[in-house]
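Structure record follows, encoded as structure tokens.
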Amino acid sequence: MNNVKVDVKNEIAYVTIDRPKALNALNSETLKELNETFSDIRDRKDVKVLILTGGGEKSFVAGADISEMVNATPQEGRAMSMLAYETFNMLEEMPQVTIAAVNGFALGGGCEISMACDIRVASKNALFGQPEVGLGIIPGFGGTQRLPRLVGKGIAKELIFTTDSIKADEAYRIGLVNHVVEKEELIDYCTKMAEKIISKASYAVTLAKQVINLGVESDLHTGIQLEANTFASTFETHDKKEGMTAFLEKRKADLSDF
């Protein structure tokens, strides 16, 4: 692949969007490579956590590639939006936990792909925003849908309507990111979080992710029923028996894989 690098170590897949000269902007080629990458990783049993970041010193993802869109037709614009939709949904729904390690610019499509991850960790130099209406378009890679779900409609509308960019501390304050760390510590911090997640029952983590994702799109009653049914299903697993027995015996549990 030309624009995406993948490195798997100790059950963690480090996926780097690597177009530093273009500030890692998402063109169609990069989206297709990410689609292929996520499709491969979601089926791998040796990967429990995916950490997504951007190559270079300045940018996570600076947005979609404007040079590709400037002369695009409505049909071509929709095709690009649907490619991003498919790719980002794959990222959001994969059984592994996904962490966005946001370094530098996370604008437009960069903010949008970070929101498709389960958890966002930002370096202090990170900058988030949805600048699309200033270019005569609207967010087309999920921004109008995921941003209000994360930060509420009022804040999402303000960010999209004004095109204001916000620094990492403000992104943390409004709930767009989970943690803010020093730039030099970003990948190590995400790796330690990944290792903590990997130490838990991976099948239970996957089920919890599925229930959260489906439940927030449902009414409370439906979500509670989904939780109860899934909770019940864990009672026939090895991990439930081993985890609880180990707890009672005051020892470390020997938990299984997916």
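Along the sequence shown, the residues carry numbers beginning at 1.
- Residues Ile160 and Lys157 have side chains not in contact (no heavy-atom distance under 4.5 Å, counting atoms from C-beta outward).
- Of all heavy-atom pairs between Thr237 and Lys240, the closest is OG1-N, 3.2 Å.
- Between the side chains of Asn27 and Thr30, at least one donor-acceptor pair of N or O atoms lies under 3.5 Å.
- If you take CG on Leu31 and CE on Met82, they are separated by 12.5 Å, rounding to the nearest 0.5 Å.
- Under the 4.5 Å side-chain heavy-atom criterion for Ile, Leu, Val, Met, Phe, Trp and Tyr, Leu147 and Leu52 are members of the same hydrophobic cluster.
- Counted within 6.0 Å of CG on Asp219, heavy atoms from surrounding residues, nucleotides or ligands total more than 12; the atom is thus considered enclosed.
- At distances below 3.5 Å, at least one donor-acceptor pair connects side-chain atoms of Thr206 with backbone N or O atoms of Ser202.
- Residues Thr163 and Glu132 have side chains not in contact (no heavy-atom distance under 4.5 Å, counting atoms from C-beta outward).
- Two residues are said to be in side-chain contact when any heavy atoms from C-beta on lie closer than 4.5 Å; Thr234 and Asp239 fail this criterion.
- Remark: the Asp18 side chain and the Thr16 side chain contain no N/O donor-acceptor pair separated by less than 3.5 Å.
- Looking at residues two or more places apart in sequence or on another chain, you find no salt bridge (charged side-chain N to carboxylate O under 4.0 Å, His left out) involving Glu158.
- The hydrophobic cluster containing Leu255 does not contain Ile198, counting ILVMFWY residues as joined when their side-chain heavy atoms lie under 4.5 angstrom apart, directly or transitively.
- Applying the under-4.5 Å side-chain rule to Ile, Leu, Val, Met, Phe, Trp and Tyr, the cluster around Phe235 extends to Phe231.
- The closest side-chain heavy-atom distance from Glu217 to Arg149 is below 4.5 Å.
- Applying the ring pair (Phe, Tyr, Trp, His ring centres under 6.0 Å) rule to Tyr85 yields no partners; only residues at least two apart in sequence or on another chain are considered.
- Glu33 contributes a side-chain N or O that, together with a main-chain N or O of Asn2, makes up a donor-acceptor pair within less than 3.5 Å.
- Residue pairs meeting the ring pair (Phe, Tyr, Trp, His ring centres under 6.0 Å) criterion with at least one partner in residues 14-68, sequence neighbours excluded, are absent.
- Residue pairs meeting the ring pair (Phe, Tyr, Trp, His ring centres under 6.0 Å) criterion with at least one member in residues 161-183, sequence neighbours excluded, are His179-Tyr189.
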(request) Apply the test salt bridge (Lys or Arg N to Asp or Glu O under 4.0 Å) to residues Glu170 and Arg173: give CA-CA distance (whole Å), side-chain angles for both, the deciding distance (0.1 Å), then the verdict. (result) CA-CA 5 Å; Glu170 177 66 4; Arg173 187 189 72 80; 2.8 Å; yes
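- Rounding to the nearest 0.5 Å gives a distance of 5.5 Å between CD of Glu242 and CG of Asp254.
- For the pair Arg251 (side chain) and Phe247 (backbone), a donor-acceptor distance under 3.5 Å is absent.
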(request) Show the numbers, then the answer: is there a side-chain contact (heavy atoms from CB on, under 4.5 Å) between Gln210 and Thr230? (result) CA-CA 10 Å; Gln210 291 174 353; Thr230 308; over 6 Å; no
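- By the criterion of side-chain heavy atoms lying less than 4.5 angstrom apart, applied directly or through intervening Ile, Leu, Val, Met, Phe, Trp or Tyr residues, Met94 is grouped together with Val8 in one hydrophobic cluster.
- Glu68 meets the side chain to side chain donor-acceptor pair (under 3.5 Å) test with Ser28; sequence neighbours excluded.
- Side chain to side chain, Asp188 and Thr191 fail the donor-acceptor criterion of an N or O pair below 3.5 Å.
- At least one side-chain heavy atom of Ile99 sits less than 4.5 Å from a side-chain heavy atom of Met193.
- Residues Asp7 and Lys9 are paired through a salt bridge, judged by an N-O separation under 4.0 Å between the basic side chain and the carboxylate.
- Of all non-hydrogen atoms in Leu207 and Ser233, the two that sit nearest each other are CD1-OG, 4.2 Å.
- To the nearest 0.5 Å, the span separating CG on Asn24 from CZ on Arg19 amounts to 8.0 Å.
- For Lys183, the side chain to side chain donor-acceptor pair (under 3.5 Å) partners are Glu57, not counting sequence neighbours.
- Remark: the backbone N or O of Leu214 is paired with a side-chain donor or acceptor of Ser218 at under 3.5 angstrom.
- Taking every heavy atom of both residues into account, Pro131 and Gly108 meet most closely at CD-N, 3.5 Å.
- When side chains are defined from C-beta on, Asn35 counts as touching Leu83, because their heavy atoms get closer than 4.5 Å.
- When each of Leu186, Asp169, Val121 is tested with Val180 by the rule side-chain contact (heavy atoms from CB on, under 4.5 Å), just one qualifies, namely Asp169.
- A continuous path of hydrophobic side-chain contacts links Val177 to Ile155 [ILVMFWY only; heavy atoms under 4.5 Å].
- Judged by distance alone, with hydrogens and angles left aside, the side-chain atoms of Glu76 form a donor-acceptor pair with the main-chain N or O of Thr73 at under 3.5 Å.
- Without hydrogens or angle criteria, Glu112 side chain to Phe141 main chain gives a donor-acceptor distance under 3.5 Å.
- Not a single donor-acceptor pair under 3.5 Å links the side chain of Ser81 to the backbone N or O of Gly77.
- Other residues sharing the hydrophobic cluster of Met244, ordered by chain and number and joined by side-chain separations under 4.5 Å: none, the residue standing alone.
- With sequence neighbours left out, Glu236 forms a salt bridge (charged side-chain N to carboxylate O under 4.0 Å, His left out) with no residue at all.
- By the side chain to side chain donor-acceptor pair (under 3.5 Å) test, Ser123 pairs with Asn125, sequence neighbours left out.
- Side chains of Phe128 and Ile174 form no contact here, defined as non-hydrogen atoms less than 4.5 Å apart.
- Minimum heavy-atom separation, Ala126 to Val102: CB-O, 3.8 Å.
- Lys241 meets the side chain to side chain donor-acceptor pair (under 3.5 Å) test with no other residue; sequence neighbours excluded.
- The backbone N or O of Ala84 lies less than 3.5 Å from no partner atom in the side chain of Thr87, so there is not a single donor-acceptor pair.
- Within a 6.0 Å sphere centred on CZ of Phe88, heavy atoms belonging to other residues, nucleotides or ligands number more than 12.
- Cluster membership for Leu34 and Met115, using ILVMFWY side-chain heavy atoms within less than 4.5 angstrom, is shared.
- Between Asn3 and Glu29, the side chains place a donor N or O and an acceptor N or O closer than 3.5 Å (distance only, hydrogens not considered).
- At distances below 3.5 Å, at least one donor-acceptor pair connects side-chain atoms of Gln96 with backbone N or O atoms of Ile41.
- Pairs engaging residues 98-111 under the side-chain hydrogen bond (donor to acceptor under 3.5 Å, both in side chains) rule: Thr53-Asn103, Thr98-Asp118 [sequence neighbours left out].
- In this structure, CD1 on Ile166 lies 7.5 Å from SG on Cys111, to the nearest 0.5 angstrom.
- No salt bridge links Glu93 with Arg42; every basic N to acidic carboxylate O contact stays at or beyond 4.0 Å.
- Counted within 6.0 Å of CG on Asn10, heavy atoms from surrounding residues, nucleotides or ligands total 12 or fewer; the atom is thus considered open.
- At least one side-chain heavy atom of Leu26 sits less than 4.5 Å from a side-chain heavy atom of Ile17.
- Across every non-hydrogen atom of Ile113 and Gly110, the tightest pair is CG2-O, 3.4 Å.
- Contact between Leu91 and Lys209 at its shortest, heavy atoms only, is O-NZ, 4.1 Å.
- A donor-acceptor contact shorter than 3.5 Å links the side chain of Ser59 to the backbone of Leu23.
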